[in-house]
Amino acid sequence: MKKLGILLGLCVGLGACATLNQNNMDWIAIGPSFPEKTTSEIEIFTDSSQVKRPYGNIGLLRIKNLNPDRETLKRGVQEARKFVASKGADAMFLGQYNSAEDGAPNPKVTLIVYALKYGDNLSEEDIKAMENFEVEDALNSSVGF
């Protein structure tokens, strides 16, 4: 019991150990995955006017129930950047929802991240993958998946 108390104390002291994990991440694929990129290659945008190249959205990532402190949110953005890089995105469009806006007594933040793929650097293979994804999606939705 004493060890459990020490572990809980450490988690609280470190800003809640479980704030970033697979349980609070949702990925909704809107396009195919592409070859993985390095995290440093991912551009981060917070306003659509910042994106100066044609792009498509290949997925939506939500990281839910984050504590609204700067360090936790910063780690969330880093985790999102790593995740969209694993899907082959070129950039990410970052937004957030804060439950404090709805008067929650214990506010939490959800990061909302769109994984962007630039359209001006797609290979023939990439274009084919996107077309195939669209066809599969149409077929899935027509049969109720």
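Keep in mind it's a predicted model, so treat the numbers as computed, not measured.
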Self-check item: side-chain contact (heavy atoms from CB on, under 4.5 Å) assessment of Asp26 paired with Leu61
Solution: CA-CA 6 Å; Asp26 290 332; Leu61 173 67; 6.0 Å; no
Quiz prompt | Backbone N/O of Tyr97 and side chain of Glu101: donor-acceptor pair under 3.5 Å | solution = no
Quiz item: What are the two closest non-hydrogen atoms of Pro107 and Ser99, and how far apart are they?
Solution: CA-OG, 3.2 Å
Quiz item: Taking all atoms of both residues into account, what is the closest heavy-atom pair of Gly59 and Trp27, and its distance?
Solution: CA-CH2, 3.3 Å
Practice problem: State the NZ-CE distance between Lys64 and Met25, to the nearest 0.5 angstrom. | Solution: 10.5 Å
Quiz item: Hey, any chance Phe93 and Ile112 share a hydrophobic cluster, counting ILVMFWY side chains that come within less than 4.5 Å of each other, even indirectly?
Solution: yes
Self-check item: Qualifying residue, where the test is side-chain contact (heavy atoms from CB on, under 4.5 Å) with Leu66 and the options are Asn24, Thr110, Asn98
Solution: Asn24
Exercise. Apply the test side-chain contact (heavy atoms from CB on, under 4.5 Å) to residues Tyr114 and Met92: give CA-CA distance (whole Å), side-chain angles for both, the deciding distance (0.1 Å), then the verdict.
Key: CA-CA 5 Å; Tyr114 293 95; Met92 62 188 239; over 6 Å; no
Quiz prompt | Inter-residue atom distance Leu94.CG - Glu43.CD, 0.5 Å rounding | solution = 14.0 Å
Quiz item: Any sub-3.5 Å donor-acceptor pair from Asp102's side-chain atoms to Ala104's backbone N or O?
Solution: no
Practice problem: Determine, stepwise, if the pair Ile63 / Val113 fulfils side-chain contact (heavy atoms from CB on, under 4.5 Å). | Solution: CA-CA 8 Å; Ile63 304 177; Val113 179; 5.7 Å; no
Quiz prompt | Partner set under side-chain contact (heavy atoms from CB on, under 4.5 Å) for Asn106, not counting sequence neighbours | solution = Lys108
Exercise. Answer yes if Leu60 and Ile44 sit in the same cluster of Ile, Leu, Val, Met, Phe, Trp and Tyr residues linked by side chain heavy atoms under 4.5 Å apart, and no otherwise.
Key: no
For a quick test of your reading: what N or O donor-acceptor pairs under 3.5 Å do the side chains of residues 29-39 make, sequence neighbours left out?
{"from": "Lys37", "atom 1": "NZ", "to": "Asp90", "atom 2": "OD1", "distance (Å)": "2.8"}
{"from": "Thr38", "atom 1": "OG1", "to": "Ser40", "atom 2": "OG", "distance (Å)": "3.4"}
{"from": "Thr38", "atom 1": "OG1", "to": "Glu41", "atom 2": "OE1", "distance (Å)": "3.0"}

Quiz prompt | ILVMFWY cluster, Leu111 and Phe83 together (side-chain gap under 4.5 Å) | solution = yes
Self-check item: Between Asp69 and Thr72: side-chain donor-acceptor atoms closer than 3.5 Å
Solution: yes
Quiz item: Quick one: do Glu79 and Lys82 make a salt bridge, cutoff under 4.0 Å?
Solution: yes
Self-check item: Closest contact, heavy atoms only, Ile42 versus Arg81
Solution: O-NH2, 2.7 Å
Quiz item: Yes or no on side-chain contact (heavy atoms from CB on, under 4.5 Å) for Glu124 and Ile127, after CA distance, side-chain angles and deciding distance?
Solution: CA-CA 5 Å; Glu124 297 264 337; Ile127 292 169; 5.7 Å; no
Quiz item: Would Met130 and Leu116 show up in the same hydrophobic cluster when neighbours are defined by side-chain heavy atoms closer than 4.5 Å?
Solution: no
